[in-house]
Each structure stands twice: as C-alpha cells, then as structure tokens.
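First comes the structure, then the notes that go with it.
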Number of protein chains: 2
Amino acid sequence: MIGSGIKRGTAELAVLSVLQDAPLHGYELARRIEQQTNGALRFTLAALYPMLYRMEQQRWIRGTWETSANGRRRRCYRLTPAGKKKLSPLQREWAELFRALQRLTKVAHA
Amino acid sequence: MIGSGIKRGTAELAVLSVLQDAPLHGYELARRIEQQTNGALRFTLAALYPMLYRMEQQRWIRGTWETSANGRRRRCYRLTPAGKKKLSPLQREWAELFRALQRLTKVAHA
DNA sequence: GTTTCATATATAAGATTCTTATATGTAAGG
DNA sequence: CCTTACATATAAGAATCTTATATATGAAAC
C-alpha cells in the first residue's frame, strides 16, 4: 500500500530526480526544479534546506562544502547509492498514488 | 503554479471524489477509498475526522447527524455546490503535479 | 561609490498537520 | 460472554510547512 509519507514527499522525489543528473547545491536545485517543471513545482529555500538535511541524514544524498570559482562557499549535494536505489520505488509509489486517485474520480463518475 | 497545499491534499481530492457519488459518513468514506483504490490509499480515522471538520469549515462538504436503521448515530457528509466546484480544478492541479514530476524524472534521465 | 539584484545558506516562530494511542458505545455472531 | 464490525472522537507528541529574518558576496547599474 502507498506509504503515508508519500502525501508529503513531493520534494523528495523532485530532489532525487534532479540529482540523478548531476550534483547540485540547494539554490540551484530549487531553480532547476522550477525551470524543468515550467514553474509548476516550486520550493521555497526555507523549506528546501531542512529537507536536504533530512535527506542527508537518511543517507539518500551526501553534501560536501565546495568553493565555487567566484569564491562563494556552497554545499553541493550528490545522490548516494542508497538514494539511487530509493528513486525507482519512489517513482512507482507516486505513479500508484496517481492511478489510485484517478480510479477514485472515475469510479465516482461512473 | 501548483499550490503548496497540494502536497498534503491527497485526502481532499479523495474525499470530494467519493462524495460526488453519494453522501457518506466518515467510517464508510474511509472504507470506500480503500476499496476503490484496491488498498492503495488508506486513511486512518484519526486523521480523517479532523480533515472532515476542516473541509466542512471550508464549506466544501456539509455534515448532518443522522440515525441509521440500526439506531446508530452518524454524521453524514455531502458535497456542497462549492465542493463540487472545487473538484475539477483540484483534479487538474493533481494532474499537473504528476506531469511535473514525470517531466523532472525524464529530463534527469535524458 | 553606492544602491540594487542575483547568488547562497541558515534559523526562528508560529501554524498546521500527521501519527499513535486511547476513550466511548452499539450490534451481531459464535 | 467474548470478539469482531460499526461509528465517532480527542489528546499528546512528532513532523512539517510558511513567513520572516539574518548574513554575506559578486556583479551590474546609476
């Protein structure tokens, strides 16, 4: 059955998905999520940073401090093997949730 | 853009969808949601009742006390016109969220 | 030069929501 | 009687989200 966390877990799927591609820091992560969804999905940074902490504690991502060319320090997150492994079941869970909701509205319509 | 409430609003869509069909009381609502999604979606009653309160305060549903044939009192909820009107945009929002998440994982895959 | 915007991370306070556990009570079946 | 199904409700604590704020650099504009 669909985990209860799923109701809140939009961000996790989004973050893991985007990190599949390349390691990124928080600010850029937020921007990419917004861009790649045409603005449909948007996370405030105040919500995003604590999320990244949580995901790091769960070992899905790992952050390292880096200094960019322009001298700014930033925390660069990359997917861990565990995070990679988490991704496909998460995707499946979301798909299942969506199908369940569709079924509900359809059954009700009928 | 997708409202932030959407991340939590699974229940709302589910409840409104099921109530489209017929007025129902909480306990039965929970059962139908579970049945109609083949167990994929399940809400505990302790989570459901406060939700129904909230939805009633928002005027999406209206509850009336009824006494069933077997003498049990129960609160029967039915969709209000406002709730009906809320339903299709909510569905659209969810579809958009899903498309956005799919886009994210696909873009990342490419 | 100084104001402003984009970059970048972080935390606090308050509100909301979720989970787990518990309370209450009826009815039916064994 | 005892258990299962029905039916609603609340409390306590955990988790989460929102809004606001703090800090600091680099670049561009004026």
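Every chain is numbered from 1 and lettered A, B, ... according to where its sequence line falls, protein lines coming before strand lines.
Using a 4.0 Å cutoff on non-hydrogen atoms, the parts of residues 44-57 of chain A near DNA chain C are Leu45(A), Ala46(A), Tyr49(A), Tyr53(A), ordered by number. Taking a 4.0 Å limit (strictly below) on heavy-atom distances, residues 23-30 of chain A does not reach DNA chain D anywhere.
Separating the CZ atom of Arg42(B) from the P atom of dT19(C) is a distance of 13 Å, rounded to the nearest angstrom. Taking atom CD of residue Gln35(B) and atom C1' of nucleotide dA5(D), one finds them 14 Å apart after rounding to whole Å. Spacing between atom CD of Glu34(B) and atom P of dC6(D) amounts to 12 Å, rounded to whole angstrom units. In this entry the distance linking CZ of Arg32(A) with P of dA8(C) reads 11 Å, nearest Å. Atom pair Phe43(A):CZ and dT9(C):P shows a separation of 17 Å (rounding to whole Å applied). The CZ-C1' distance, from Arg74(A) to dT9(C), rounds to 12 Å in whole Å.
Residue Arg73(A) places no side-chain N or O under 4.0 Å from the OP1 or OP2 atom of dA24(D). Checking the phosphate oxygens (OP1, OP2) of dT7(C), a side-chain nitrogen or oxygen of Arg31(A) falls inside 4.0 Å.
Panel note: side chain Arg74(B), backbone His25(B); no donor-acceptor pair is recorded below 3.5 Å.
For Glu28(B), the side-chain hydrogen bond (donor to acceptor under 3.5 Å, both in side chains) partners are Arg31(B), Arg32(B), not counting sequence neighbours. Annotation: side-chain hydrogen bond (donor to acceptor under 3.5 Å, both in side chains) contacts of Arg73(A) (sequence neighbours excluded): none. For Thr64(A), the side-chain contact (heavy atoms from CB on, under 4.5 Å) partners at least two apart in sequence or on another chain are Glu66(A), Cys76(A), Arg78(A). In this structure, the side-chain contact (heavy atoms from CB on, under 4.5 Å) partners of Thr80(A), at least two apart in sequence or on a different chain, are Arg62(A), Ala82(A).
Shown here for Ala14(B) and Ile33(B), the closest heavy-atom pair between the two residues is CB-CD1, 3.9 Å. Annotation for Leu45(A) and Ala30(A): closest pair CD2-CB, 3.9 Å, computed over non-hydrogen atoms. Residue Leu16(B) comes nearest to Gly83(B) through the heavy atom pair CD1-O, 4.1 Å, listed as atom of the first residue, atom of the second, then distance.
Using a 4.5 Å heavy-atom cutoff, the side chains of Leu97(A) and Trp94(B) are in contact. Contact check for Val18(B) versus Gln36(B): side-chain heavy atoms found under the 4.5 Å cut-off.
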Side chains of residues 50-61 of chain B: which donor-acceptor pairs under 3.5 Å do they make with residues two or more places apart or in other chains?
unit_1: Glu56(B); atom_1: OE2; unit_2: Gly63(B); atom_2: N; d: 3.0
unit_1: Glu56(B); atom_1: OE2; unit_2: Arg75(B); atom_2: NH2; d: 2.9

Pairs under 3.5 angstrom, nitrogen or oxygen only, protein versus nucleotides 24-26 of chain C, please.
unit_1: dT26(C); atom_1: O2; unit_2: Arg72(B); atom_2: NE; d: 3.4
unit_1: dT26(C); atom_1: O2; unit_2: Arg72(B); atom_2: NH2; d: 3.3

